[in-house]
Peer 1: 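Below is one structure. I have some questions about it.
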Number of protein chains: 4
Amino acid sequence: MIKAGVIGAGGYAGVNLVSLLLRHPEVELKWVVSEEAHKGKKMSELFPHLTDICDLACGTLDDMAKLAKQADVIFLALPHGIALNYVPDILKTGAKVVDLGADYRFNDEAVFKKWYKVEHKDKEVFKSAVFGLPELFKDQIKKAKLIGNPGCYPTASILGAAPLIKQGLVDPSAVMIDAKSGVSGAGRGVKLITLYCERNDGTMAYNVTGHRHMGEVDHILSRLAGGPVATTFVPHLVPQTRGILTTIYGKLKKPAKTAGLMELYKKFYKGQPFVRVYPTPCTKSVWFTNYCDIGVEVNEEKDTVIVTSAIDNLIKGASGQAIQNMNLIFGLDETKGLEQIGVFP
Amino acid sequence: MIKAGVIGAGGYAGVNLVSLLLRHPEVELKWVVSEEAHKGKKMSELFPHLTDICDLACGTLDDMAKLAKQADVIFLALPHGIALNYVPDILKTGAKVVDLGADYRFNDEAVFKKWYKVEHKDKEVFKSAVFGLPELFKDQIKKAKLIGNPGCYPTASILGAAPLIKQGLVDPSAVMIDAKSGVSGAGRGVKLITLYCERNDGTMAYNVTGHRHMGEVDHILSRLAGGPVATTFVPHLVPQTRGILTTIYGKLKKPAKTAGLMELYKKFYKGQPFVRVYPTPCTKSVWFTNYCDIGVEVNEEKDTVIVTSAIDNLIKGASGQAIQNMNLIFGLDETKGLEQIGVFP
Amino acid sequence: MIKAGVIGAGGYAGVNLVSLLLRHPEVELKWVVSEEAHKGKKMSELFPHLTDICDLACGTLDDMAKLAKQADVIFLALPHGIALNYVPDILKTGAKVVDLGADYRFNDEAVFKKWYKVEHKDKEVFKSAVFGLPELFKDQIKKAKLIGNPGCYPTASILGAAPLIKQGLVDPSAVMIDAKSGVSGAGRGVKLITLYCERNDGTMAYNVTGHRHMGEVDHILSRLAGGPVATTFVPHLVPQTRGILTTIYGKLKKPAKTAGLMELYKKFYKGQPFVRVYPTPCTKSVWFTNYCDIGVEVNEEKDTVIVTSAIDNLIKGASGQAIQNMNLIFGLDETKGLEQIGVFP
Amino acid sequence: MIKAGVIGAGGYAGVNLVSLLLRHPEVELKWVVSEEAHKGKKMSELFPHLTDICDLACGTLDDMAKLAKQADVIFLALPHGIALNYVPDILKTGAKVVDLGADYRFNDEAVFKKWYKVEHKDKEVFKSAVFGLPELFKDQIKKAKLIGNPGCYPTASILGAAPLIKQGLVDPSAVMIDAKSGVSGAGRGVKLITLYCERNDGTMAYNVTGHRHMGEVDHILSRLAGGPVATTFVPHLVPQTRGILTTIYGKLKKPAKTAGLMELYKKFYKGQPFVRVYPTPCTKSVWFTNYCDIGVEVNEEKDTVIVTSAIDNLIKGASGQAIQNMNLIFGLDETKGLEQIGVFP
């Protein structure tokens with residue numbers, strides 16, 4: 001059994017990670033860490049749905065020196081700029097690390113600093129991290145010790161755009177990504193903007209020109225393209241708990257047809273257990289699963305291509321993908337512990 | 001008092017029209033017409049919230065010969081292809097007509113036929129219709145006898161894009177419009193796709209390349225531009241009752257800044273009582289009002305401009321705009337009967 | 001014109017009050033007061049839907065000495081225990097007061113203290129307050145200088161139960177009131193329990209045996225009965241923004257029939273413009289209105305009576321009722337400024 | 001492996017059953033049957049979330065003669081009055097039957113007829129059926145060939161009330177059950193009342209005095225009490241997809257305290273893996289699980305007891321309970337295939 005620890009277990013991504021790990025047939029969850037205010041509290045106190053299921057009490061980051069040694073793999077689900085203070089020491093214990101935050105998603109320090117305004121002290125560790133999007137970087141992930149687990153928006157955006165970008169089918173300077181997210185993406189912290197009454201019936205864009213995930217999307221798509229890709233990424237909040245739908249607009253370099261691109265996408269993702277290609281996916285169809293469902297369509301009159309991709313932001317966009325990465329690192333089938341069927345309706 | 005009649009009063013747009021007309025200080029609602037199944041039923045039976053408020057019983061289209069004579073203005077809220085059978089006769093009675101359906105939104109028969117596959121028998125009447133978007137065509141509306149009231153998506157899309165298009169600031173062949181609509185846009189007819197359990201938590205695109213409103217948007221924007229504008233318009237359903245948010249993406253022909261474009265928009269809509277310009281509007285802020293709220297932002301690094309526009313699809317996108325048009329035709333202040341403040345939260 | 005001021009304008013009840021007052025034909029809104037953090041902010045900054053509509057800047061409670069003199073009527077929408085520090089001084093200026101909080105809803109000091117643990121310094125003012133439920137206490141309200149505006153739950157509960165209680169039709173020791181409220185009842189303060197993701201799909205009871213509104217309901221129903229009425233009042237949260245539905249269960253003292261009780265209710269509320277009696281009302285039917293819709297049904301086999309009553313908690317349960325009270329005090333028609341038709345769907 | 005067939009797979013209960021059976025380690029799902037309109041369609045066509053997961057094509061009831069022989073257990077999820085035409089023949093093949101409809105929930109023909117107005121031809125089969133509520137009738141279930149799977153409301157209501165009723169702690173003639181259900185309880189058929197726009201923000205009671213589940217609740221509680229129990233059961237719709245919360249009100253025969261009753265409940269359900277007892281459960285805490293969470297509280301001043309119980313209406317209220325029953329019949333651990341942790345948030 002793989003011994004696992006979760007840091008940030010009191011948040012929405014964290015609790016989903018805990019739930020998945022508890023049912024993972026090859027994993028034993030050894031400990032959980034959360035913020036100071038949760039110290040000593042049982043997971044079931046923070047989350048009543050875990051009553052009779054998880055009585056682990058929360059430690060804090062102060063316990064890390066001790067806890068790190070008790071785990072083969074450690075997941076961190078923290079705001080950016082915190083993990084980087086702990087990861088180098090954790091790695092020294094020999095434990096593998098999957099960081100669900102932003103600290104290890106970039107190989108390029110300048111890009112990281114541009115978007116996050118934080119400096120890494122241990123550059124070597126920073127550079128050793130692998131971007132944990134298995135459908136694109138599986139081989140590297142298998143050999144990695146440290147994974148920068150992709151953000152929720154980038155997961156849906158990059159998987160949706162990758163076939164077009166890699167094949168060079170669209171103008172790389174004019175990719176528009178309109179991303180719609182459920183409210184859970186904003187976390188469990190209390191804020192005016194995530195109150196029920198503020199969000200119910202309230203669809204809106206936010207961070208229209210400066211969302212950090214745009215940096216992540218551009219960085220990875222540029223790697224895939226072998227040249228600069230500049231997306232206009234605009235995130236939106238829609239009134240639902242979970243789920244991201246991205247709608248990606250590209251100008252085709254030469255005419256194409258829907259059927260042809262559907263084939264291209266199916267071929268591109270052949271053998272990837274968590275990508276399904278079919279027309280106009282809905283966030284509801286991937287709920288509580290690790291799937292990314294993708295549809296692609298050509299507007300022949302306008303020579304534009306429209307891709308829609310749907311994920312559960314807390315599973316494929318966070319906890320599920322983290323476990324998929326862990327599976328790969330430990331040589332397990334990547335679907336292990338992630339076979340659940342979506343909840344419908 | 002202006003005597004008014006409403007055809008299609010049993011639908012969501014219709015009942016909003018009825019409510020607004022009942023409180024309009026210069027209007028007397030004389031009769032309502034709905035589908036065969038509603039014949040003889042009181043509005044308050046179809047809509048319990050109208051108990052003690054509206055006891056008008058529904059007539060049917062069979063009563064039109066008689067009813068048309070009893071009204072100074074007649075509103076039609078019908079699926080496309082029906083109004084065109086009644087409007088020519090109605091106009092002969094001298095009544096003014098505001099058609100909330102699609103039959104009279106196009107001056108160009110070929111375009112109408114391309115998108116709606118229906119033929120107008122009375123070409124003259126067809127050509128006499130005025131597109132009822134007051135912020136752009138107020139002078140024509142004032143003199144009109146027949147208004148083609150804009151669709152909900154086109155209202156938000158055209159108002160959002162007009163300043164850019166008219167000033168020629170963006171590439172007219174690459175405007176992307178990502179429109180998100182509440183479920184009421186699909187009407188009160190019972191369909192699987194509009195069931196609560198299918199839509200709750202279910203954001204999705206639909207009619208990705210063939211929504212008829214794309215034809216309407218392109219038609220009007222091309223008129224504004226004085227040359228072809230080709231938008232890629234993709235409608236989406238989001239889990240809320242009312243409200244449309246459109247996010248419009250344009251490639252700037254030359255660099256611009258957010259502040260400059262905000263000024264441009266404010267100037268463009270100066271004196272228009274129902275357009276408000278401020279950053280990142282939310283559907284909730286226009287709820288139950290006739291406002292179209294618009295924000296504009298430039299991504300300088302990408303040379304793209306992003307406009308978001310929010311309307312209540314049943315008010316500014318249908319019934320409220322119809323009344324605004326009626327006000328203009330009858331020489332009233334265009335805000336008459338539309339002064340209500342939005343519901344929040 | 002009646003000059004009005006609103007204290008607590010930054011909350012959900014407050015902003016609804018402001019909106020209604022702004023459209024009231026006999027009122028001029030002179031000033032608004034909110035919490036320290038809102039000092040100097042315009043209402044439209046706190047609430048974007050008020051853009052171009054209300055540019056009043058928020059004062060604070062520190063300004064009261066000055067502001068009180070500039071108003072004929074002052075509305076307070078504050079947590080309990082605060083208004084009582086200001087009301088006696090306000091009254092001295094001659095202004096009428098409608099307190100939407102709990103401080104002046106009880107004539108009986110012992111009962112107030114039992115539920116709110118606060119002491120009134122000025123007993124005389126406390127005793128002069130009138131419980132502002134116009135359907136039951138209209139004559140007193142007309143003569144009042146100080147109104148204790150009923151709580152949202154008590155409004156729906158008391159109006160629903162009053163006819164049964166006053167006629168002595170049910171066992172007064174076994175009235176069960178199951179109240180379901182939208183989330184806005186909990187206010188605009190940020191709390192874990194009112195986050196979108198915690199409440200969406202989350203129906204639950206809370207304060208099962210100790211909600212303060214139970215004290216208010218029992219106090220008033222006992223006054224009506226002329227003897228002790230002991231309700232078991234259980235509040236619930238349901239995932240919607242606005243609306244309260246109460247379901248009231250009574251054991252009939254002697255057999256009755258639905259039709260008879262429907263008649264009784266219609267007669268009881270005859271002439272009351274804001275009560276409508278018809279079967280099984282829905283929260284949606286009273287949305288954004290000052291109505292209380294009531295249905296009553298007898299389960300003959302069980303000798304029980306079931307009443308359901310629906311209100312908009314922020315209108316009839318707060319701001320609308322406050323204005324209804326103001327209208328009565330100032331000799332206006334009680335429906336003035338409250339004629340809006342509900343929003344549907 | 002147990003070979004299973006599902007009839008009614010095109011509905012919400014049916015598709016949940018299919019999903020759970022597909023992941024049940026001891027079951028092989030052999031076939032699915034749905035309505036005529038679904039004939040030949042793959043499950044993944046009816047439900048996109050089953051893409052790549054379930055390609056079984058739907059048969060119809062006409063295929064039953066052939067299909068019945070291919071299964072060890074057959075689940076029926078049909079409107080009442082249909083199953084009874086098929087079950088006697090199915091039983092002759094030796095297959096076990098779990099009927100999720102109402103046809104086999106009553107041992108008493110008069111009671112069944114009173115509520116459902118249908119006659120059973122094969123009285124023997126009717127009488128052999130066991131009410132499939134494992135927490136109360138486990139021994140009988142283990143030996144059963146035919147299970148009448150409880151309704152969703154009765155599951156939550158009976159489990160919530162059973163300890164009080166069995167111990168005779170409350171007046172059996174005055175139990176009030178206020179049940180709040182998500183919209184999925186009304187099924188996937190298209191109806192005005194289940195449209196998104198009609199239900200969003202729309203809490204209401206329905207079938208206030210005549211819901212059939214009241215008959216089921218009374219029938220079973222009376223069996224438990226050994227004498228007549230007469231509940232006043234009132235169902236409500238709340239705007240959420242899944243989940244039932246029942247609030248049960250009882251008049252205590254003699255004083256009791258919350259702590260004592262909590263103990264009683266814990267003891268009563270000791271060893272039952274799917275009942276959790278803790279204060280004020282929320283529908284969200286049991287989402288997508290087979291749990292019934294129960295809280296109990298005493299209002300000492302009023303001598304009333306309030307129980308709240310929460311289930312997922314489609315799992316513990318339908319498909320999950322059906323599988324729990326199957327597990328018991330086939331000698332498996334009753335939790336087999338039902339170990340999933342709830343989805344939160």
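Predicted model, so just to flag it, every value in this text is computed and none were measured. Sequence lines set the chain letters: A, B, ... in the order given, protein chains first and strands last, and positions in each chain run from 1.
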Peer 1: Decide if atom NZ of Lys138(B) counts as having more than 12 heavy atoms of other residues, nucleotides or ligands within a radius under 6.0 Å.
Peer 2: yes
Peer 1: Tell me, yes or no, whether the heavy-atom count around Lys41(B) atom NZ, taken from other residues, nucleotides or ligands under 6.0 Å, exceeds 12.
Peer 2: no
Peer 1: Which answer fits Thr241(B), side chain, backbone, both or neither, if we ask what part of it has an atom under 4.5 Å from a heavy atom of chain C?
Peer 2: side chain
Peer 1: With only heavy atoms counted, which part of Ser184(C) is less than 4.5 Å from chain B, the side chain, the backbone, both or neither?
Peer 2: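 It is the side chain, since no backbone atom gets that close.
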Peer 1: Between Leu314(B) and chain C, which part of the residue has a heavy atom less than 4.5 Å away: side chain, backbone, both or neither?
Peer 2: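 The answer is the side chain of Leu314(B).
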Peer 1: Evaluate the side-chain contact (heavy atoms from CB on, under 4.5 Å) criterion for residues Arg242(C) and Val343(B): first the C-alpha distance (whole Å), next the side-chain angles of each, then the deciding distance (0.1 Å), finally the verdict.
Peer 2: CA-CA 10 Å; Arg242(C) 288 157 170 261; Val343(B) 181; 3.6 Å; yes
Peer 1: Using modelled atom types only, decide if a donor and an acceptor are shared between the side chain of Arg188(C) and the backbone of Pro345(B) within a distance under 3.5 Å.
Peer 2: no
Peer 1: Which region of Thr51(B), side chain (C-beta onward) or backbone (N, CA, C, O), has a non-hydrogen atom less than 4.5 Å from a non-hydrogen atom of chain C, or is it both or neither?
Peer 2: both
Peer 1: Please state whether the rings of Phe344(B) and Phe47(C) are parallel, tilted or perpendicular, taking 30° and 60° as the class boundaries.
Peer 2: perpendicular
Peer 1: NZ of Lys267(B): more than 12 outside heavy atoms within 6.0 angstrom?
Peer 2: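 Not buried by this count: 12 neighbours or fewer within 6.0 Å.
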Peer 1: Under the side-chain contact (heavy atoms from CB on, under 4.5 Å) criterion, do Arg23(B) and Glu339(C) qualify, and how do the steps go?
Peer 2: CA-CA 8 Å; Arg23(B) 287 296 177 265; Glu339(C) 307 89 344; 3.9 Å; yes
Peer 1: Give the C-alpha distance, both sets of side-chain angles, the deciding distance and a yes or no for side-chain contact (heavy atoms from CB on, under 4.5 Å) between Ile341(B) and Val18(C).
Peer 2: CA-CA 10 Å; Ile341(B) 295 177; Val18(C) 166; over 6 Å; no
Peer 1: To the nearest 0.5 angstrom, please state how far the NE2 atom of His49(B) sits from the OG1 atom of Thr289(C).
Peer 2: 9.5 Å
Peer 1: Report the C-alpha distance between Asp52(C) and Tyr278(B) in whole Å, list the side-chain angles of each, state the deciding distance to 0.1 Å, and finish with yes or no for side-chain contact (heavy atoms from CB on, under 4.5 Å).
Peer 2: CA-CA 11 Å; Asp52(C) 290 0; Tyr278(B) 62 88; over 6 Å; no
